[in-house]
Amino acid sequence: KACAFLSELAFRGLERGLILLPPPLFARLLGQHGIPPIERQPFKLILRELGFIRPILDATPGLVESQLSHEFLHLTFQEYFAARYLAQGFLSVGAKYQEAHGFVLHEKFNPRYQVVLWFLAGLLKAHPRALEDYFALIQDEETRDLIGDYQAGLLVRCYEESFCEG
């Protein structure tokens, strides 16, 4: 449960351009992931003990933890977990599948998501059909790079991440 939560939290944060994850986003996702209010504090403690996120301490007196923003300890952690969220989308059907495909089609040339897309290729290497689908999206003719340099670089880097010797 913690990994699925961190994955969606990371993705939703990056999708909104957020590094500091505000309390309303955190609370909404806790509810969507079926964490009842009585279990939220212990669940947050587990998340912190995993070592990927931490609360941002605020100097405001009387602030309780549910009112604190959180952040991933390093942007790379957020990018990795966001890629895990997208990988689950590629392995799903329905809305999650459509969301992952739409994201890749619309953001594949956005430098902000470059590392996420590399991680995604590596995560999909154990799933040949999903990986093939992913590479087809990168090479999609309707959304291609006009010059082709960025697309070629993305393909090479994703291929490096997903290449299996043997």
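Starting from 1, each residue takes its place in the sequence as its number. The basis for the numbers below is simple: all heavy atoms, side chains too, and nothing from hydrogens, waters or symmetry mates.
Nearest approach of Ser69 to Pro22, heavy atoms of both residues: OG-CA, 3.7 Å. Glu107 and Leu117 make their closest contact through O-CD1, 4.1 Å (heavy atoms, listed as atom of the first residue, atom of the second, distance). Residues Ala10 and Phe72 share a closest heavy-atom pair of CB-CZ, 3.6 Å. Closest approach of Glu161 to Ala121, counting heavy atoms only: CB-CB, 4.2 Å. Here the closest heavy-atom approach between residue Phe90 and residue His101 is recorded as CE2-NE2, 3.5 Å. The heavy-atom pair separating Lys108 from Leu154 by the smallest distance is O-CD2, 3.4 Å.
Leu73 CG to Arg48 CZ: the interatomic distance, rounded to the nearest 0.5 Å, is 11.5 Å. One distance of note links CZ of Arg28 with CD of Glu8; it measures 7.0 Å at 0.5 Å rounding. Going from atom CG of Leu68 over to atom CD1 of Ile56 covers 8.5 Å, rounded to the nearest 0.5 Å. Here the straight-line distance linking atom NE2 of His127 with atom OG of Ser162 works out to 12.5 Å at 0.5 Å rounding. To the nearest 0.5 angstrom, Leu47 atom CG is 8.0 Å from His70 atom NE2. Taken to the nearest 0.5 Å, the CZ atom of Phe135 stands 5.5 Å off from the SG atom of Cys158.
In this view, Ile46 satisfies the side-chain contact (heavy atoms from CB on, under 4.5 Å) rule with no residue, not counting sequence neighbours.
Salt-bridge annotation for Glu160 and Lys125: absent, with no side-chain N of the basic residue lying under 4.0 Å from a carboxylate O of the acidic one.
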Show, in sequence, the C-alpha distance, side-chain angles and deciding distance for Tyr85 and Glu99, and conclude whether the side-chain hydrogen bond (donor to acceptor under 3.5 Å, both in side chains) test is met. CA-CA 10 Å; Tyr85 178 81; Glu99 179 183 32; 2.7 Å; yes
Give the intermediate values and the outcome of side-chain contact (heavy atoms from CB on, under 4.5 Å) for residues Lys44 and Ile53. CA-CA 9 Å; Lys44 285 182 180 181; Ile53 64 168; over 6 Å; no
Check step by step if side-chain contact (heavy atoms from CB on, under 4.5 Å) holds for Ser7 and Gln88. CA-CA 9 Å; Ser7 296; Gln88 286 304 309; over 6 Å; no
Take Leu120 and Val104 through the test side-chain contact (heavy atoms from CB on, under 4.5 Å) and record every step on the way to the result. CA-CA 10 Å; Leu120 178 56; Val104 170; 4.0 Å; yes
side-chain contact (heavy atoms from CB on, under 4.5 Å) evaluation trace for Glu71 with Leu21: CA-CA 6 Å; Glu71 69 177 346; Leu21 307 163; 5.8 Å; no
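Exactly one residue among Val115, Leu18, Leu14, Val116 makes a side chain to side chain contact (heavy atoms under 4.5 Å, CB included) with Gln78. That residue is Leu14.
Between Phe5 and Phe26, the ring centre distance stays below 6.0 Å. Taking the six-membered ring for Trp and the full ring otherwise, Phe52 and Phe77 have centroids separated by under 6.0 Å.
No side-chain N or O of Gln139 forms a donor-acceptor pair with one of Tyr134 less than 3.5 Å apart.
No single ILVMFWY cluster, assembled from side-chain heavy atoms under 4.5 Å apart, contains both Leu86 and Tyr97. Hydrophobic clustering, with ILVMFWY side chains joined whenever heavy atoms are under 4.5 angstrom apart, keeps Phe81 apart from Ile19.
The number of heavy-atom neighbours closer than 6.0 Å to NE2 of His106, taken from other residues, nucleotides and ligands shown, is 12 or below. Within a 6.0 Å radius of CZ in Arg129, other residues, nucleotides and ligands contribute 12 heavy atoms or fewer.
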